[in-house]
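One structure is given here, and the rest of the page talks about it.
In what follows, every heavy atom counts, from backbone to side chain, and hydrogens, waters and symmetry copies are set aside. When a ligand or atom number is given, it counts from 1 through the structure's own listing order.
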Amino acid sequence: MAGDEQQQQAPLHVVVFPWLAFGHLIPFLELSKRLAARGHAVTFVSTPRNVARLPPVPAAGLSGQVRMVALPLPAVDGLPEGAESTADLPPEKVELLKAAFDGLAAPFADFLAAACSADGRSGELERRPDWVVLDFAHHWLCPIADQHQVPCAMFLIVTGTMLAYNGSRRENASHPRVTVDDFMPMPRWFPSPPSLAFRRQEAAWMAAAFRPNASGVSDIERTWRTEERCRLLVFRSCPEAEPRTVFPLLAELFGKPAVPAGLLLPEPEEDARDGGGHSNAVARPGALQWLDGQPPRSVLYVALGSEAPVTAASVHELALGLELSGVRFLWALRPPSGGGGTGTGEQPLLPEGFEERTRGRGAACMGWVPQVRVLAHAAVGAFLTHCGWGSVAESLRFGHPLVMLPFVVDQGLIARMMSERGVGVEVARRDDDGGFSRDDVAAAVTRVMVEEEGKELALNAKRLRELVVGDDGGRQERYVDELVECLQRHS
Ligand SMILES: *[C@@H]1O[C@H](CO)[C@@H](O)[C@H](O)[C@H]1NC(C)=O
Ligand SMILES: *[C@@H]1O[C@H](CO)[C@@H](O)[C@H](O)[C@H]1NC(C)=O
Ligand SMILES: *[C@@H]1O[C@H](CO)[C@@H](O)[C@H](O)[C@H]1NC(C)=O
């Protein structure tokens, strides 16, 4: 599959080790499956409960192998027993998970030492690893890999634009950003359209995240320490989906190859995400059954991801906005994460009478919703999203126009990137507190779903889809081929 028949390279053995969040575990698993499909051996390292909750790797079509290694997560004061991923914790306890995660350094060192002393006589997986592919949080890992002369590649599940915005330690030293205003525009090393910027609320989040954190090692410090010792930077992205200049700029900023791995999209029939351990049940999920009864391209699919900080008040405004807009919708609804909500759990999740008033044209699903299968459904015409990169990437493949409601991290930047491409409209937010009202929601939904403008957005979304997928549908897979060649060349 990797092209070069003349120069058949030996299969690689790659150790992959994602951060303990399903938004990371799943793309690392998608990468693993694609490496195994090309004949390579992958050792996937995580913790016991995460390994147990991952969707099974289908053996069919894999000429290589994926082996799971579960390192027990050390106990840390205050971290609930059994909490092994961010999905098991409220946001304020994630730092404790990082502390526990740092305790995996010694078990990982033992694992790698054993893996490197294996003789390879009983199969590829028993061969010494050629690479460790790691995430942003593993600031302690590269020194361990160095001891065994195993090179490291950092796999970022985010856009290249986000890492370019963060810059390297050297950019931080030469052009430090201090105030919230400093964090709003793209930095001076990034030649961008002015529309690409963070809003005040989003920039405040970034500014806080850049401050050294006394409780341990900040995310940016983890990222820099890891990046500095990696030979390659690999992104779950592709140049077609980002501003033109990003990949060359990254190579220059970080002084090493910046390689797109493609969007690594799961196949609709293999859609089993979020760590619920859901297999594709025999019964057709309710959300899909409901869609079956709707006219083509008529439904707005609404999902704000599993970990966006959505308050109870936001859920209400969103509901009332959907009601006002009059459009058909399917809402993958999650309980709010608190902050600004009542926090008592006594207030009903949805406004009084909402379900009765929208019955027939709207459905709110509390359980697990197979997002990729929903996006693939002919009845879906647009996607209201929090603009997590995984969701936007999944949507790009089906060419849906977007209604965008970003919250934190890189979501605002992704929303601006997609506005710039003319494939979506953002829900307006207030300048002071970043809040939004039902009218703001209804206005954005109507622009995308009802007004003439929506046709243009849908056309642009379709064009972007063709650009990303490629004429023969194979562009994304070619990025994986190129990544493999790059791993072989640099190992
Ligand atoms: C960029 O920096 C923010 C703030 O420290 C951090 O949360 C995020 O993970 C970083 N992203 C990348 C790609 O480095
Ligand atoms: C970034 O640079 C500023 C100014 O030199 C410094 O105070 C800050 O600690 C640096 N940030 C990090 C995360 O190292
Ligand atoms: C460090 O970060 C944690 C979680 O983000 C936060 O709760 C804590 O207050 C921060 N500590 C400092 C000193 O900023």
Side-chain angles (χ1 to χ4, degrees), residues 18-21 23-24 27-28 86 91-92 94-95 97-98 101 133-139 142 152-190 196-199 201-230 232-237 241-243 246-247 249-251 253-254 256 258-261 305 307-309 386-390 392-393 406-414 416-417:
W19 161 237
L20 308 178
H24 294 238
F28 272 75
T86 56
E92 65 276 9
V94 168
E95 288 299 308
L97 187 63
K98 292 203 183 114
F101 179 77
V133 173
L134 72 171
D135 212 328
F136 80 99
H138 309 55
H139 61 99
C142 294
C152 290
M154 188 172 185
F155 178 45
L156 293 116
I157 58 147
V158 296
T159 61
T161 304
M162 185 62 208
L163 187 67
Y165 167 92
N166 280 356
S168 68
R169 200 190 291 282
R170 190 186 54 202
E171 271 75 39
N172 179 62
S174 55
H175 303 295
R177 288 170 280 187
V178 182
T179 66
V180 171
D181 288 282
D182 294 340
F183 280 91
M184 287 174 71
M186 288 302 281
R188 66 181 79 191
W189 55 86
F190 193 100
L196 215 56
F198 280 110
R199 290 181 196 288
Q201 292 293 317
E202 299 161 350
W205 190 95
M206 291 300 307
F210 259 72
R211 260 172 236 134
N213 188 319
S215 76
V217 188
S218 71
D219 285 358
I220 193 71
E221 185 59 35
R222 286 174 191 271
T223 303
W224 284 337
R225 278 191 207 164
T226 309
E227 169 274 307
E228 282 157 0
R229 300 186 72 151
C230 280
L232 297 176
L233 300 176
V234 182
F235 295 84
R236 192 245 315 236
S237 187
E242 300 212 44
V246 164
F247 280 91
L249 174 66
L250 287 165
L253 284 175
F254 294 95
K256 63 193 73 180
V259 188
E307 290 171 38
H386 68 306
C387 288
W389 184 232
V392 170
F407 290 85
V408 287
V409 211
D410 54 350
Q411 295 158 13
L413 207 53
I414 291 165
R416 309 294 114 76
M417 271 162 55

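- The contact set between ligand 2 and I220, taken as ligand atoms under 4.0 Å from a residue heavy atom, comprises 13 (C).
- Note: no N/O pair closer than 3.5 Å links R169 and ligand 2 by distance alone.
- Short contacts between ligand 2 and F210, defined as distances under 4.0 Å to a heavy atom of the residue, involve ligand atoms 13 (C).
- Side chain of E242 to backbone of S237: no donor-acceptor contact under 3.5 angstrom is found.
- Residue W224 approaches ligand 2 through these ligand atoms, each under 4.0 Å from one of its heavy atoms: 12 (C), 13 (C), 14 (O).
- Considering each of S168, G167, A209, A137, the one bringing a non-hydrogen atom nearest atom 4 (C) of ligand 1 is A209.
- Considering CH2 of W19 and CD1 of I157, their distance stands at 11.5 Å, rounded to 0.5 Å.
- Judged by the shortest distance from any of its heavy atoms, F136 lies outside the 4.0 Å radius around the atoms of ligand 1.
- Annotation: side chain of M206 is not in contact with side chain of R177 (no heavy-atom distance under 4.5 Å).
- The proximity of N172 to ligand 2, defined as any non-hydrogen pair under 4.0 Å, involves the side chain as well as the backbone.
- Ring pair F136/H24 is tilted by interplanar angle, where 30° to 60° counts as tilted.
- The backbone N or O of F183 lies less than 3.5 Å from a partner atom in the side chain of Y165, making a donor-acceptor pair.
- With E228 as the partner, the side-chain hydrogen bond (donor to acceptor under 3.5 Å, both in side chains) test is satisfied by one option alone out of H139, R169, K256: R169.
- In summary, the atoms of ligand 2 found under 4.0 Å from a heavy atom of P176, numbered by their order in the structure, are 4 (C).
- Evaluated by nearest non-hydrogen atom to atom 8 (C) of ligand 1, the leading choice among I157, N166, V158 is N166.
- Taking every heavy atom of both residues into account, D135 and F155 meet most closely at OD1-O, 3.9 Å.
- Contacts of D410 with ligand 1, taken as heavy-atom pairs under 4.0 Å, are absent altogether.
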